[in-house]
Chemist: 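What follows is a structure written as structure tokens; I'll ask about it next.
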There are 2 protein chains.
Amino acid sequence: MRSDRILLAHGSGGTMMKELIEEVFVAEFGDESLKRMDDAAALDLPPGRLAFSTDTYVVSPLVFPGGDIGRLAVCGTVNDVATSGARPLYLSVGFILEEGLPIEDLRSILVSMRDAAAEAGVRIVTGDTKVVERGHGDGVYINTAGVGALPAGVDLSGSHCRPGDVLLLSGTLGDHGIAVISTREGLSFSTDIRSDAAPLNHLVAAVLAAAPDVRCFRDPTRGGLASTLNELASASGVSITVEERDVPVHDQVRGACEMLGYDVFQVANEGKMVAVVPAGQAEAALAAMRSAPYGEDAAIVGAVAESPAGKVYVRTAFGATRIMDMLVGEQLPRIC
Amino acid sequence: MRSDRILLAHGSGGTMMKELIEEVFVAEFGDESLKRMDDAAALDLPPGRLAFSTDTYVVSPLVFPGGDIGRLAVCGTVNDVATSGARPLYLSVGFILEEGLPIEDLRSILVSMRDAAAEAGVRIVTGDTKVVERGHGDGVYINTAGVGALPAGVDLSGSHCRPGDVLLLSGTLGDHGIAVISTREGLSFSTDIRSDAAPLNHLVAAVLAAAPDVRCFRDPTRGGLASTLNELASASGVSITVEERDVPVHDQVRGACEMLGYDVFQVANEGKMVAVVPAGQAEAALAAMRSAPYGEDAAIVGAVAESPAGKVYVRTAFGATRIMDMLVGEQLPRIC
């Protein structure tokens with residue numbers, strides 16, 4: 001490379017962009033489809049339907065305990081595709097780089113992406129890079145889009161929850177949001193709390209195999225569990241009640257939430273999955289989740305009732321019941 | 001909407017994000033898949049292979065003669081998918097919005113996207129929105145990813161050009177780049193020059209039907225025709241010579257390039273397609289291109305030879321021959 005930092009010319013379509021693509025992106029990712037340097041990747045897909053999702057990542061800081069923007073950008077989109085019941089196969093990646101970004105910082109993010117993609121079993125097959133002037137952007141913004149193969153007959157949706165269904169959660173709440181905010185603000189508990197960013201497609205596949213009548217999966221990212229459950233209750237026209245004492249939360253995260261005045265149900269997660277399953281398959285689903293990667297702390301945390309439609313409740317450890325509201329306004333900006 | 005401008009809370013995962021998605025994005029785009037509000041779209045795909053591409057759009061200014069960032073974001077990705085010979089079907093869209101952006105400006109961009117998607121015959125099926133603090137971003141950055149259906153047996157690539165092949169160009173060069181830079185700099189010729197941003201998937205399909213042995217399509221965007229042809233010459237190990245007098249260029253664009261010191265072969269286009277075809281199918285391909293939307297000025301502009309491998313030449317109107325170099329460094333930042 002002629003420069004150890006990103007220059008505007010790296011986005012201009014000329015020789016320096018070609019150099020960046022060949023010596024950095026293709027070198028780190030190494031996918032056969034990328035090496036062809038065509039404008040679109042041509043890919044095989046098993047018979048069935050297609051699942052398609054996208055997410056953009058603007059997290060600040062770019063690196064935090066337990067991960068970085070690269071790991072987040074792969075895991076987040078893999079998880080979104082997986083929620084449909086599809087097998088995630090291919091990712092696209094679009095970078096917005098800020099002029100002046102050290103190439104070594106970029107390489108480190110690409111290595112995270114490559115490793116997360118390998119763990120998830122997906123290929124990064126097509127990409128694009130833009131460069132914006134110094135002071136715009138924030139080092140790196142990343143968009144990923146993902147496609148997956150959706151087997152015939154699989155039709156999961158947030159609108160399929162039914163009274164009597166059981167709510168499963170794959171592990172502890174709040175780790176990602178607290179890890180990011182504590183790093184950003186330089187809070188002293190930061191060393192103990194790590195982001196949970198992880199690919200959950202293998203966990204989803206295991207649960208779906210054990211509990212084929214799963215109603216839906218949802219990963220409670222921005223807005224936390226509260227947003228996810230309110231969306232499900234609203235889409236399905238049902239009520240959901242969560243048992244607070246059954247929800248796994250790390251002590252340090254609970255303490256940080258108390259200090260910061262956050263509701264842990266509204267804090268972002270990047271490696272947790274919610275599943276709504278018929279009661280008869282709940283134990284099988286739980287066993288599958290606990291045996292799957294990143295599911296060892298899984299628990300049954302609540303149940304679906306008929307009414308009042310669209311409402312979500314928490315039953316506290318003391319037996320009282322309160323409404324679990326969606327976040328109003330802004331809690332943690334730029335956590336993903 | 002509770003606010004007429006974008007706030008950080010519109011990206012936080014809470015009630016204001018829900019309001020933005022429902023009252024702006026879903027309201028303007030209206031796709032059935034978006035309305036389901038699931039994390040991934042579940043889509044039908046015809047048998048065959050999948051084409052997959054992505055592009056991020058950071059153009060400044062957001063609106064320019066002949067288009068805006070929304071039209072660009074749909075057309076650019078549709079065209080990238082189409083270059084593979086696939087029929088573009090579905091788009092994802094990821095927005096990075098700057099705090100303070102007027103909601104009406106956003107709506108206007110969404111209307112452009114919807115109209116361009118309708119013209120191309122593609123659906124916008126899944127999306128994501130992030131909000132960054134005021135002073136970061138530039139109003140709006142947009143990523144789109146596109147998937148298309150690639151019929152069995154279609155295998156186009158920049159590496160398939162052969163000596164004796166003929167080079168077709170679908171119309172005038174340089175309109176987009178000059179329209180954007182003249183608007184940005186307030187140059188007086190801006191009123192006469194309009195961006196060519198357009199979806200070319202129907203044109204590509206028409207050429208492919210008329211000339212089934214097409215080697216490749218490529219849309220000469222950033223870096224202009226010079227980058228495109230150098231990439232093809234390099235990937236195929238051939239030489240390409242362009243006849244300068246046969247290349248259509250609007251007089252105003254030619255004049256602007258002379259004033260600004262730009263090489264029109266290095267200026268970006270957003271609604272032009274290059275096709276490399278075997279000589280025996282060149283006339284059929286040209287007739288199909290001229291009959292297709294946006295192809296009325298199409299011309300045969302050059303030919304492929306065996307050597308020197310990887311080199312691109314221009315034969316000038318005076319009969320001299322010079323090398324057509326790729327852009328070195330930076331010409332027009334933020335043109336797409």
Side-chain angles (χ1 to χ4, degrees), chain A residues 8-9 12-16 36-45 49-56 58 80-81 83-84 86 90 92-94 96 125-128 130 132 136-138 141 143 145 147 150 157-159 218-219 221-223 227 231 235 268 326-331 333-334, chain B residues 8-9 12-16 36-45 49-56 58 80-81 83-84 86 90 92-94 96 125-128 130 132-133 136-138 141 143 145 147 150 157-158 218-219 221-223 227 231 235 268 326-331 333-334:
Chain A
L8 285 175
S12 67
T15 54
M16 292 192 66
R36 277 175 65 131
M37 305 278 278
D38 284 324
D39 284 345
L43 305 162
D44 291 316
L45 200 70
R49 305 186 78 201
L50 181 81
F52 190 22
S53 187
T54 191
D55 233 322
T56 307
V58 299
D80 280 345
V81 171
T83 58
S84 68
Y90 306 114
S92 68
V93 54
I96 300 176
V125 294
T126 188
D128 176 66
K130 293 293 187 298
V132 297
H136 297 247
D138 290 278
Y141 297 146
N143 174 281
V147 296
L150 192 56
S157 173
S159 63
R218 201 61 78 97
D219 57 330
T221 55
R222 275 182 293 178
S227 275
E231 284 167 22
M326 279 182 88
L327 184 61
V328 179
E330 177 60 40
Q331 184 187 53
R334 314 280 292 279
Chain B
L8 285 176
S12 66
T15 54
M16 291 191 68
R36 277 176 65 132
M37 305 279 278
D38 284 323
D39 283 345
L43 306 162
D44 291 317
L45 200 70
R49 304 187 78 202
L50 181 81
F52 189 22
S53 188
T54 191
D55 234 323
T56 307
V58 299
D80 280 344
V81 172
T83 58
S84 68
Y90 306 115
S92 68
V93 55
I96 300 175
V125 294
T126 188
D128 176 65
K130 293 292 186 299
V132 296
E133 295 85 351
H136 297 248
D138 289 277
Y141 297 146
N143 175 281
V147 295
L150 192 56
S157 174
R218 200 62 76 100
D219 57 330
T221 56
R222 275 182 292 177
S227 275
E231 285 167 21
M326 278 182 86
L327 183 61
V328 179
E330 178 59 41
Q331 185 186 55
R334 314 280 293 279

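Every chain is numbered from 1 and lettered A, B, ... according to where its sequence line falls, protein lines coming before strand lines.
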Chemist: Which atoms of B:Tyr141 come close to chain A, meaning under 4.5 Å heavy atom to heavy atom: side chain ones, backbone ones, both, or neither?
Modeler: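 Answer is side chain: those atoms of B:Tyr141 sit under 4.5 Å from chain A.
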
Chemist: Side chains of B:Asp44 and A:Leu50: does their closest heavy-atom pair fall under 4.5 Å?
Modeler: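 Not in contact.
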
Chemist: I need the residue from A:Arg218, A:Glu231, A:Arg222 with the largest number of non-hydrogen atom pairs under 4.5 Å to chain B.
Modeler: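 Answer, by heavy-atom pair count under 4.5 Å with chain B: A:Arg222.
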
Chemist: Apply side chain to side chain donor-acceptor pair (under 3.5 Å) to A:Arg334 and list each qualifying residue two or more places apart in sequence or on a separate chain.
Modeler: A:Asp138, B:Glu133

Chemist: Does any non-hydrogen side-chain atom of B:Met16 lie less than 4.5 Å from one of A:Leu327?
Modeler: no

Chemist: Mind checking what makes side chain to side chain contact (heavy atoms under 4.5 Å, CB included) contact with A:Ala42, not counting sequence neighbours?
Modeler: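 Expected list: B:Arg49, B:Leu150.
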
Chemist: Quiz question: by atom type and distance under 3.5 Å, do the side chains of A:Asp128 and B:Thr54 form a donor-acceptor pair?
Modeler: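 No donor-acceptor contact under 3.5 Å links the two side chains.
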
Chemist: Do you know which of B:Asp55, B:Val328, B:Leu45 has the most heavy-atom pairs with chain A at a distance under 4.5 angstrom?
Modeler: B:Asp55

Chemist: For B:Val81, is it the side chain, the backbone, both, or neither that has a heavy atom closer than 4.5 Å to a heavy atom of chain A?
Modeler: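 For B:Val81, the backbone is the part near chain A, not the side chain.
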
Chemist: Which one wins on heavy-atom pair count under 4.5 Å against chain B: A:Gly14, A:Ala40, A:Gly94?
Modeler: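 When all of A:Gly14, A:Ala40, A:Gly94 are compared, A:Ala40 has the most.
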
Chemist: Name the option with the most non-hydrogen atom pairs under 4.5 Å to chain A; the candidates are B:Val147, B:Thr15, B:Leu43.
Modeler: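 Sorted descending by pairs with chain A, the first entry is B:Leu43.
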
Chemist: Under 4.5 Å heavy-atom distance to chain B, tell me which part of A:Thr83 shows up: side chain, backbone, both or neither.
Modeler: side chain

Chemist: Keeping the roles fixed (side chain from A:Asp38, backbone from B:Gly158), state whether a donor-acceptor pair exists under 3.5 Å.
Modeler: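 Yes; judged by distance alone, with no hydrogens or angles, the pair exists.
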
Chemist: Backbone N or O of A:Gly13 within a donor-acceptor pair of the B:Ser227 side chain at under 3.5 Å?
Modeler: yes

Chemist: So do the side chains of B:Ser157 and A:Arg36 get within less than 4.5 Å of each other, counting heavy atoms only?
Modeler: yes

Chemist: A:Ala51 versus chain B, heavy atoms under 4.5 Å apart: side chain, backbone, both or neither?
Modeler: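 Both backbone and side chain.
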
Chemist: Heavy-atom distance under 4.5 Å to chain A: side chain of B:Ile96, backbone, both or neither?
Modeler: side chain

Chemist: Please tell me whether B:Ser53 and A:Asp39 have a donor and an acceptor in their side chains that are separated by less than 3.5 angstrom.
Modeler: no

Chemist: Which of the residues B:Met326, B:Lys130, B:His136, B:Met37 is involved in the greatest number of heavy-atom pairs with chain A at under 4.5 angstrom?
Modeler: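 Highest number of heavy-atom pairs under 4.5 Å: B:Lys130.
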
Chemist: Give the member of B:Gly223, B:Ala268, B:Ala9 that has the highest number of heavy-atom pairs under 4.5 Å with chain A.
Modeler: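 Highest number of pairs under 4.5 Å: B:Ala9.
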
